Undergrad: 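Let me begin by handing over the structure; questions about it come next.
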Amino acid sequence: MDILESYRNIIQSILTVYAAIPISNGEIDNYTVFDTKQDHYMVMNVGWDGYRRAYGCVLHLDIKGEKIWIEQNMTEMRIAEKLVEQGVPKEDIILGFQAPEMREYTDYGVA
């Protein structure tokens, strides 16, 4: 299996497990959105918590140039650590939510 296919499988597996965790308050659904042609992967929350609308992307990962970009993480899960546990080298993980000039100070790739 090539590296891109491996990264796609790892990302989809991690996000699918996360999306299966029920949300305890309100009537909010978690679901995954996988675009394997353009390599965009997300977990969305959609529903209602009482009178408050819940809608948004809580996790967003992309694959760009054989690197995994973490674009958004609004969860308590340490997604970069999960990726490393699954065999992704730290230099292949880019913290896209970090300012480019700050990435060199992380343990992960710089782009």
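This is a predicted model, so every value here is computed, not measured.
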Undergrad: Going through the checks in order, is the side chain to side chain contact (heavy atoms under 4.5 Å, CB included) test met by Q72 and L59?
TA: CA-CA 5 Å; Q72 174 87 306; L59 277 167; over 6 Å; no
Undergrad: Are L4 and I68 linked, directly or through intermediate hydrophobic residues, by side-chain heavy-atom contacts shorter than 4.5 Å (ILVMFWY only)?
TA: yes
Undergrad: Quick one, Q98 with I70, criterion side chain to side chain contact (heavy atoms under 4.5 Å, CB included). Give me CA distance, side-chain angles, the key distance, then yes/no.
TA: CA-CA 9 Å; Q98 285 279 6; I70 302 172; over 6 Å; no
Undergrad: Could you check Y108 against D92 for side chain to side chain contact (heavy atoms under 4.5 Å, CB included), going step by step and ending with a plain yes or no?
TA: CA-CA 7 Å; Y108 299 99; D92 284 359; over 6 Å; no
Undergrad: Would you kindly confirm whether W69 and I63 end up in one hydrophobic cluster when ILVMFWY residues are joined by side chain heavy atoms under 4.5 Å apart?
TA: no
Undergrad: Could you give the distance from CZ (R8) to CG (D2), rounded to the nearest 0.5 Å?
TA: 7.0 Å
Undergrad: Hydrophobic clusters here meaning ILVMFWY residues chained together by side-chain heavy-atom distances under 4.5 Å, can you tell me if L83 and Y18 are in one?
TA: yes
Undergrad: What distance do D107 atom CG and E91 atom CD have between them, rounded to the nearest 0.5 Å?
TA: 11.0 Å
Undergrad: Calculate, to the nearest 0.5 Å, the distance between atoms CD1 and CG belonging to I79 and N73 respectively.
TA: 6.5 Å
Undergrad: Which heavy atom of C57 sits nearest a heavy atom of M42, and at what distance?
TA: SG-SD, 3.8 Å
Undergrad: Specify whether H60 and H40 have parallel, tilted or perpendicular ring planes, treating 30° as the upper limit for parallel and 60° as the lower limit for perpendicular.
TA: perpendicular
Undergrad: Got a sec: does the CZ of R78 have more than 12 other heavy atoms crowding it under 6.0 Å?
TA: no
Undergrad: What pair of heavy atoms forms the shortest contact from T75 to V58, and how long is it?
TA: CG2-O, 3.8 Å
Undergrad: Take D35 and K37, measure what side chain to side chain contact (heavy atoms under 4.5 Å, CB included) needs, and give me the verdict at the end.
TA: CA-CA 6 Å; D35 177 354; K37 298 234 187 272; 3.7 Å; yes
Undergrad: About how many Å separate CG of L61 and CZ of F34, when rounded to the nearest 0.5 Å?
TA: 10.0 Å
Undergrad: Between I21 and I28, is there shared hydrophobic-cluster membership here, with clusters defined by ILVMFWY side-chain heavy atoms closer than 4.5 Å?
TA: no
Undergrad: Please give me the minimum heavy-atom distance between V84 and I93, naming the atom from each residue.
TA: CG2-CD1, 3.7 Å
Undergrad: Going by heavy atoms in the side chains, are Y55 and M44 under 4.5 Å from each other?
TA: yes
Undergrad: Taking atom CD of E27 as the centre, report whether more than 12 heavy atoms of other residues, nucleotides or ligands fall under 6.0 Å from it.
TA: no
Undergrad: Would you call K64 and E71 a salt bridge, using N to O less than 4.0 angstrom?
TA: yes
Undergrad: State whether a side-chain donor-acceptor pair under 3.5 Å links Y41 with D39.
TA: yes
Undergrad: Quick one: closest heavy-atom pair of I94 and A111, and the distance?
TA: CD1-N, 3.3 Å
Undergrad: Quiz question: by atom type and distance under 3.5 Å, do the side chains of Y31 and N45 form a donor-acceptor pair?
TA: no
Undergrad: Can you name the nearest heavy-atom pair linking G109 to R103, along with the distance?
TA: O-CB, 4.1 Å
Undergrad: Can you hop from L95 to I10 via hydrophobic side chains spaced under 4.5 Å?
TA: yes
